[in-house]
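Note that the coordinates shown come from a computational prediction; the quantities given were computed from them, not determined experimentally.
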Amino acid sequence: MFLTELFRTAAFRLTLMALAAMAGVMVMQFALVYTQMEAVESHRSTELLRGEAKLLAEMTPEHLEYVIRKRATDDMRLVISSAGLFDPGHALITGDLRSWPRGLKADGKPHNIEIYPEEGAAYPLRLLAVTLADGNILVLGRSFHLLAEQKLMLRHATVLAAVPTLLFALLLGMVLSHRALSRVKDMHEAIDLIMAGDIHERLPAGKERDDLERLAGSVNRMLDRLESLMNGMREVGNDIAHDLRTPLSRVRAKLERALSTGGPRDTLEGAVSRAVDDLDQCLAIITALLRIAEIESSRRRAGFASLNLADLVADVVDLYEPIAETEGIHLVTQVGTTPVQIDGDRHLLIELLANLVDNAIKFTPEGGQVTVAVMRQADKAVLAVTDTGIGIAQGEREAVLTRFYRSDKSRHVPGSGLGLSLVSAIAHMHDATVVVEEGAGGRGTCFRIIFQ
């Protein structure tokens, strides 16, 4: 079972492919050296035969016959394996070649000829036949035994080098495959625990030094995101239950009181009207939560287009200017002459800006000021809404972006605590950052939307 899994690993298959490539390279190298060795030895034999034939041809016939018969010279014993002197009719005059080799031509060129002795097996010789001045023919032969020995040594050396090399590579591949298999096994065990419900379990990623660890790190980050979303869903469920229980309880209590006490028609209509207001608050909370969930889960950018932030600000300010005048608040815009363009969804960005301006007007006392500004900072588009209202404590500036959070200062103002959560969701969809700061002069709050 283990070997089957081992053979299926990518590391082992890669090792086998590397082994095949290594074996192919060794075979090609062997063939190249083998053929080059044969060519070199053939050329060397030819040069030696021709050199020796030239020296012998310069001797007198009597001296040449004596040398061939006795083969007394040292160089001739070392260089020439066989020698013979034949007359023009190919009859042997002297030498150890007992007969004229079949297929040999006296053309002064080397020939590889099979020699058939009277006893024993045939053997090859490289022969050179040269016609002398007196008409006789000198035949010199050189054996292939040196080349055969070299080839044999080459074969033995190749086998001796290839076998341990390939075995070591195969063993190394098995070790690497076993290591990869053990890491995959650890990941499988971690995945089984996660599937069993342990969402805090993570894959062993190490320092992410190789592809497998980097993949595990990416999966862990994905699991972190999923866990965060699940915790958010759990918190949303708890928040919904908590925030809807109070208005629904009030509705039930008011209706029960109206039914039990009876009373005139005006009293019943007032109770029903207050119950309807409470139910509208519940529906507003549910609608806002669904809107936030829709924006957070959306990955579509079909509605994205190039927008001028100044145009958005003008539309929203026109919408809220009458409300600000009614509340006695001065609504100001600060827009430069240079257009600030971004890619975004116009309707969502208007919803974002409208929430910020609406919040600023709600929490700014009469006689205060709300400023909506568009600018560029470090080549980034920035949308800022600043008020001179009650402000947000530094420790609460991150919390106000979460769902249902309401600071102590804002308890008296009607609302569900979801407006800034909607702003955060829309900003995140546009790859923007929401920064909550203190207003100018230490008064109020400034919300900055910084687009990347």
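Taking both residues in full, the closest heavy atoms of S424 and V434 are given as CA-CG2, 4.3 Å, listed atom of the first, atom of the second, then distance. Heavy-atom minimum distance, L154 versus M37: CD2-CE, 4.0 Å. Here the shortest heavy-atom pairing between P204 and A190 reads CD-CB, 4.4 Å. Among all heavy-atom pairs drawn from S81 and S143, the shortest one is OG-N, 2.9 Å. Nearest heavy-atom pair, L348 versus M429, reported as atom, atom and distance to 0.1 Å: CD1-SD, 3.6 Å. Residues H430 and D345 come closest through the heavy atom pair NE2-N, 3.0 Å.
A salt bridge links E41 with R44; the closest basic N to acidic carboxylate O contact falls under 4.0 Å.
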Enumerate, atom names and distances included, each donor-acceptor pair closer than 3.5 Å involving a side-chain atom of residues 27-35, sequence neighbours excluded.
residue	atom	partner	partner atom	Å
Y34	OH	R155	NH1	3.4
T35	OG1	A31	O	2.9
T35	OG1	L32	O	2.9

Between side-chain atoms of residues 316-327 and protein atoms elsewhere (two or more places apart, or another chain), which donor-acceptor pairs fall under 3.5 Å?
residue	atom	partner	partner atom	Å
T326	OG1	P322	O	2.9

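Remark: the backbone N or O of K109 is paired with a side-chain donor or acceptor of H111 at under 3.5 angstrom.
Considering only residues two or more places apart in sequence or on other chains, K151 meets the salt bridge (Lys or Arg N to Asp or Glu O under 4.0 Å) condition with E38. Partners of P124 by side-chain contact (heavy atoms from CB on, under 4.5 Å), not counting sequence neighbours, listed by chain and number: E114, F144. Under the side-chain hydrogen bond (donor to acceptor under 3.5 Å, both in side chains) criterion, N308 pairs with no residue, sequence neighbours left out. Residues forming a side-chain hydrogen bond (donor to acceptor under 3.5 Å, both in side chains) with Q334 (at least two apart in sequence, or on another chain): none. Residues that satisfy the salt bridge (Lys or Arg N to Asp or Glu O under 4.0 Å) test with E438, not counting sequence neighbours, are absent from this structure. Every residue two or more places apart in sequence or in another chain was checked for a side-chain hydrogen bond (donor to acceptor under 3.5 Å, both in side chains) with T388, and none qualifies. Under the rule for a side-chain hydrogen bond (donor to acceptor under 3.5 Å, both in side chains), the partners of R126 that lie at least two apart in sequence or sit in another chain are S42, T46, N112.
Looking only at side-chain heavy atoms (C-beta outward), L307 and D311 stay at 4.5 Å or farther from each other. The shortest distance between side-chain heavy atoms of V385 and N359 does not fall below 4.5 Å. V313 places a side-chain heavy atom less than 4.5 Å from the side chain of L383. Within the 4.5 Å cutoff, side-chain heavy atoms of L420 are placed close to those of L356.
Under the salt bridge (Lys or Arg N to Asp or Glu O under 4.0 Å) criterion, no residue pair touches residues 377-386, with sequence neighbours excluded. A salt bridge (Lys or Arg N to Asp or Glu O under 4.0 Å) check over residues 384-395, counting only residues at least two apart or in different chains, returns nothing. Within the structure, the side-chain hydrogen bond (donor to acceptor under 3.5 Å, both in side chains) test picks out the following pairs touching residues 191-203 (sequence neighbours left out): H200-E227, R202-D224, R202-E227.
Within 6.0 Å of the CE atom in M195, the count of heavy atoms belonging to other residues, nucleotides or ligands does not exceed 12.
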